[in-house]
Amino acid sequence: MSVSSTGAALLETGSRLTVDLTAVRANYSLLAARAAPAECAAVVKANAYGLGVERVGPALWEAGARTFFVAHPGEARILRDALPEAVVYALNGLTSGAAPHLDTIGARPVLGSMPEIEEWSAFVQKQGQTGEAAIHIDTGMNRLGLSLEEAASVAKRFSAGELGFRPALVMSHLVIGDEPDHALTQRQLSNFRSAAALFPGVPASLANSAATLTAADFRFDLCRPGIALYGGNPALDRPNPLQPVVTLEARIMQIRSVPAGESVGYGAAETVLRPSTLAIVSAGYADGFLRAAGSSTARKGAEAMIAGQRCPLVGRVSMDLIAVDVTALPDGAVSPGDFATLIGQGITIDELAEHAGTIGYEILTRIGPRSVRIYKD
Ligand SMILES: *Cc1c(COP(=O)(O)O)cnc(C)c1O
């Protein structure tokens, strides 16, 4: 989007989301260096965690990523248009009847059940193709993936040449990737080692962001970071080595005074205790600023940066508006038309998530289409 059309779009909405593609590339480079000698893929499901896969995908490609993971064929199609040469896997599996569709897109399914294996095998043999696909093994998540017994039977058929295709990847997913020493993580690692050994010569993949950064044991041949590319801290008990990627700003519509003892917003959830000055900011839960991050007399909510200072939210988050207490700012420091920073300037997605009782992943993927997207390159 050009500067002038961004300006025009900003007159028609309340907020802007700036995505720093330079930071995305730097985060990829850091992860790739940690992953080496394993390959570092990029997980770009859910529209690159909400940030816009048409722009984020090519930035990751420039940084060196060649293998990408999405959830659905529709996401694979959008990525394929942006990156004609990328290897693209669809994580959520093979929907019955979707094999020709995936094949047309040029995406590989991640096969996670026996019926999916049968359907892909039949499709590939009918078409006489190589039918590259990943095999997902459940090592403890109890979500998608073959059991270890099923994996063993598939491996037998593969070595007998009965499968019709050669698995291009064998993978599993960690339940508590940020705790490498946890008993469950260690059990998954040992289960995955046994499962991967059933498919000699097939590349193996286990690590998400956290496991890519924390312990070499988990890296195998291919790492699959997602959240770390977008600046989220993959292990919250440690300092974050990644650069922040997003800034969310919303316009201040009014500055107003509220006498002591008055409540602010829906439900009269918070009463101001002193004469207060409020900035009324043009973003709310419909923009993905979660209602759970609101404030009440009983429980403090999130903060926003206004005129370079942290200022607390007051009262509930409405659909389209929030109120921020700017009483502590010097006179004239803030005016209508200025922007409040809701994410950025030191307010991380993880901090906002903490206030909303959720995780950085949900903060990012909920940022709504109303925010004008600006890409810094
Ligand atoms: C989302 C996802 C990832 C990436 O996880 P992060 O925690 O975002 O790094 C990797 N593998 C699978 C199977 C996933 O679903």
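Counting convention: from 1, in listed order, for ligands and their atoms alike. For clarity, every value in this text was computed on a predicted model and none was experimentally measured.
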When you look at Ser153 and Glu149, which way does the side chain to side chain donor-acceptor pair (under 3.5 Å) test go after all the steps? CA-CA 6 Å; Ser153 95; Glu149 294 71 33; over 6 Å; no

Using the side chain to side chain donor-acceptor pair (under 3.5 Å) rule, take Ser172 and Gln188 through it: C-alpha gap first, then chi angles, then the decisive distance, then the call. CA-CA 9 Å; Ser172 188; Gln188 285 196 277; 4.7 Å; no

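Only one option out of Ile367, Ile363, Val245 pairs with Ile349 in a side chain to side chain contact (heavy atoms under 4.5 Å, CB included); it is Ile363.
Annotation: side chain to side chain contact (heavy atoms under 4.5 Å, CB included) contacts of Ala307 (sequence neighbours excluded): Leu329, Ala333. Among residues two or more places apart in sequence or in another chain, the salt bridge (charged side-chain N to carboxylate O under 4.0 Å, His left out) test is passed with Glu270 by Lys300.
Enumerated by chain and number, the residues approaching ligand 1 to less than 4.0 Å through a heavy atom are Val43, Lys45, Tyr49, Leu91, Met171, His173, Asn208, Ser209, Arg224, Pro225, Gly226, Ile227, Tyr361.
The salt bridge (Lys or Arg N to Asp or Glu O under 4.0 Å) pairs that include a residue from residues 214-239 number zero, where partners must be two or more places apart or lie in different chains.
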